[in-house]
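Step one of this worksheet: look at the structure below.
Residue numbering restarts at 1 for every chain, and letters A, B, ... go by the order of the sequence lines. Values reported hereafter were calculated over all heavy atoms of this structure, with side chains retained and with hydrogens, waters and symmetry mates removed.
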Amino acid sequence: MRRALLAWYRRWARDLPWRRTRDPYRIWVSEIMLQQTRVETVLPYYERFLAAFPTVRALAASSPASVLRCWQGLGYYTRARNLHRAAQTIVAQRGGRLPESAAEWRNLPGVGRYTANAIASIAAGEAVPVVDGNVQRVLARLFAIRACIDDSATQTRLWQLAEMLLARRAAGAFNQALMELGARICTARRPSCTVCPLRSQCRARAEGLQERLPVRRSKRPPRQVELVAAWVRHAGRLLLVRRPAAGLLAGLWTLPGTEVRDGQPPARVLRASLRQALGIEAEVGERIGLVRHAFSHRRWVVHVYACRLSPRRRPVRAAANMRWVDRAQLGEYALAAVDRKLLALAR
DNA sequence: AAGGCGTGGAA
DNA sequence: TTTCCAAGCCT
């Protein structure tokens, strides 16, 4: 099995930038970006990030805002904050020397069992297994595991299997090969069994179960939330506010606004929110659009209104989490994808 | 154990 | 349009 898999990988592995280096810093950055994120999505971010922060020292010396700007649009923003924090810890406590074992990597924020083992096996050849979504699927099929993949007992078994199968003298290549197989051949839907290097050893295929495995727990549908946002311009500038430091899209910038409880009139809620949260007296004008956005765990419907400051209450002094922004300066503010949609409405 | 935490592509 | 999901981690 190892021989077939490694031979397949040598022949078919995609040429990816993080496969062209053994620099632990670069491997680390790639693994963090790849958490729950597709290769094609990561590629441009990876190149930009390493151009901006080519070493762990450069990353540690940068500002949180600049790291977040580089990450904007990639999602799961805690990853960026953890990466930055970890870089500062590495410089402050280890003189910039990166961890050298999976156990050491595991101590860094944002580095769990999968990521620690991935980095250590790929960058240093340490003989430790990985189990990610790909490996779960490949092993569940290879061994025809019908138990729910989310059960902790099943997880334990998958890690044991990955450990048992591991090609210990080529751990990095083996781990990547298993994941590559899951990404390219043993896909979630319509796996390409006829060209799979493990087809003769796959129990799911022998039993015709490959399309039905693995079995996952069904997730309950995301909660729907209605919001209202304000497009406030004054003297050629647009009002932005910074989201709270914790929670959804923490630390990113957005249009001012708030949640609308069911049945409430959006325009009135918005006017009250601007006054109470920001001390701004504004007239809420026409609705310039409706934006729908889906997160992993909730769905937003955002009403966007054009607003103008009440004439006698100007000028407005910006609080710490509030900025009047020139169009030319917009690039200095990290925005989530949902807020790109909001801004695109009124251009 | 289960839910918070993003996004975009595929079916 | 909706659903599922992709190189997970943290609480």
Side-chain angles (χ1 to χ4, degrees), chain A residues 13-14 16-19 27-46 68 71-83 85-86 105-119 121-123 129-138 148-156 158-159 162 172 174-184 186-190 211 214-225 243-244 246-252 254 292-301 334-341:
Chain A
R14 285 170 291 181
L16 302 173
W18 46 88
R19 289 182 176 159
I27 308 284
W28 175 32
V29 170
S30 78
E31 288 299 339
I32 299 300
M33 286 190 169
L34 285 163
Q35 289 172 359
Q36 297 287 283
T37 311
R38 296 172 188 283
V39 165
E40 313 82 69
T41 304
V42 165
L43 283 170
Y45 283 91
Y46 181 76
L68 207 47
W71 207 274
Q72 61 178 326
L74 191 55
Y76 287 138
Y77 298 97
T78 299
R79 296 183 294 176
R81 228 176 306 282
N82 282 339
L83 195 56
R85 268 207 301 146
W105 279 107
R106 187 72 175 77
N107 291 325
L108 296 177
V111 178
R113 186 175 181 187
Y114 161 79
T115 302
N117 288 8
I119 299 170
S121 63
I122 295 169
V130 298
V131 175
D132 72 331
N134 288 307
V135 177
Q136 285 178 22
R137 189 170 54 254
V138 170
C148 177
I149 209 79
D150 303 304
D151 291 347
S152 63
T154 312
Q155 286 294 313
T156 300
L158 291 172
W159 279 97
F174 178 86
N175 285 339
Q176 292 185 83
L178 216 43
M179 294 190 281
E180 187 81 348
L181 189 72
R184 308 279 290 176
C186 196
T187 48
R189 280 168 292 225
R190 299 176 44 102
E211 304 256 12
V215 175
R216 290 181 191 286
R217 208 193 323 280
S218 62
K219 273 177 286 195
R220 61 157 209 241
R223 188 163 66 90
Q224 311 239 15
V225 180
R243 297 178 184 279
L248 188 59
L249 309 177
L252 296 167
T254 184
R292 296 174 193 281
H293 189 79
F295 297 93
S296 51
H297 59 305
R298 77 191 50 172
R299 281 159 63 166
W300 280 3
V301 178
L335 300 173
V338 61
D339 292 302
R340 295 245 165 261
K341 291 187 193 173

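Contact between the side-chain N/O atoms of A/Y77 and the OP1/OP2 oxygens of B/dT7 is found at a separation under 4.0 Å. Residue A/S152 places at least one side-chain N or O closer than 4.0 Å to OP1 or OP2 of B/dA1. Contact between the side-chain N/O atoms of A/R217 and the OP1/OP2 oxygens of C/dC4 is not found at any separation under 4.0 Å. Between A/R299 and the phosphate of C/dT2, there is a side-chain N or O to OP1/OP2 separation shorter than 4.0 Å.
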Next item on the list: Given salt bridge (Lys or Arg N to Asp or Glu O under 4.0 Å), test A/R137 with A/D132 step by step and report yes or no.
Entry: CA-CA 9 Å; A/R137 189 170 54 254; A/D132 72 331; over 6 Å; no

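Taking the side chain to side chain contact (heavy atoms under 4.5 Å, CB included) definition, one finds that A/V215 meets it with A/L213, sequence neighbours left out. Residues satisfying the side chain to side chain donor-acceptor pair (under 3.5 Å) criterion with A/R14, sequence neighbours excluded, are A/E180.
With hydrogens and angles left out, the side-chain atoms of A/R79 and A/Q35 include no donor and acceptor closer than 3.5 Å.
One interatomic measurement links the two molecules: CD of A/E211 to P of C/dC4, which rounds to 16 Å at whole-angstrom precision. One atom, CZ of A/R106, and another, P of C/dG8, lie 15 Å apart when rounded to the nearest Å. For the pair A/E180 CD and C/dA6 P, the interatomic distance rounds to 14 Å; values are reported in whole Å. One atom, CZ of A/R79, and another, P of C/dA6, lie 16 Å apart when rounded to the nearest Å. The distance between atom NZ of A/K219 and atom P of B/dG3, rounded to the nearest whole Å, is 11 Å. Computed from coordinates, the A/R223 CZ to B/dC5 P distance equals 10 Å when rounded to whole Å. Note: CD (A/Q224) to P (C/dT1) measures 13 Å, nearest angstrom. Rounded to whole Å, atom P of B/dC5 lies 17 Å from atom CG of A/L74.
Annotation: of the two residues near DNA chain B, A/V338 and A/A153, the 5′-most nearest-nucleotide partner is A/A153. Positionally, the nearest nucleotide of DNA chain B for A/D150 lies more toward the 5' end than for the other of A/H293 and A/D150.
Distance from the side chain of A/D132 is smallest for C/dG8 among the nucleotides C/dT2, B/dG6, C/dG8. In the set B/dC5, C/dC9, C/dA6, B/dC5 carries the atom at the smallest distance from any side-chain atom of A/H297. Closest approach to the A/A336 side chain among B/dT7, C/dC9, B/dC5 is made by B/dT7 (side chain taken as heavy atoms from C-beta onward). Here the side chain of A/R220 is nearest to one of B/dG4, B/dT7, B/dC5, namely B/dG4. When distances are taken from the side chain of A/R137 to each of B/dG6, C/dG8, C/dA6, the shortest belongs to C/dA6.
Within 4.0 Å of A/A188, counting heavy atoms only, lie sugar-phosphate atoms of the nucleic acid but no base atom. Residue contacts for A/V42: at a heavy-atom cut-off of 4.0 Å it reaches no nucleic acid atom on any strand shown. Across all strands shown, A/G247 has heavy atoms under 4.0 Å from sugar-phosphate atoms exclusively, and none from any base. No engagement by A/W71 is indicated, since no non-hydrogen atom pair under 4.0 Å with the nucleic acid exists.
Side-chain atoms of A/T37 come within donor-acceptor range of the base of B/dG6, with a qualifying N/O pair under 3.5 Å.
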What are the atom names and distances for every N/O pair under 3.5 Å that joins the protein to nucleotides 9-11 of chain B?
none

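One C1' atom belongs to C/dC10, the other to B/dA1, and the distance between them is 13 Å to the nearest Å. Here, C/dC4 and B/dG3 have their P atoms 15 Å apart, quoted to the whole Å. Taking atom P on both nucleotides, B/dG6 is separated from C/dT11 by 14 Å, rounded to a whole Å.
Using a 4.0 Å cut-off between charged nitrogen and carboxylate oxygen, A/R216 and A/D151 do not count as a salt-bridge pair.
Between A/Y46 and A/W18, the distance from one ring center to the other falls under 6.0 angstrom.
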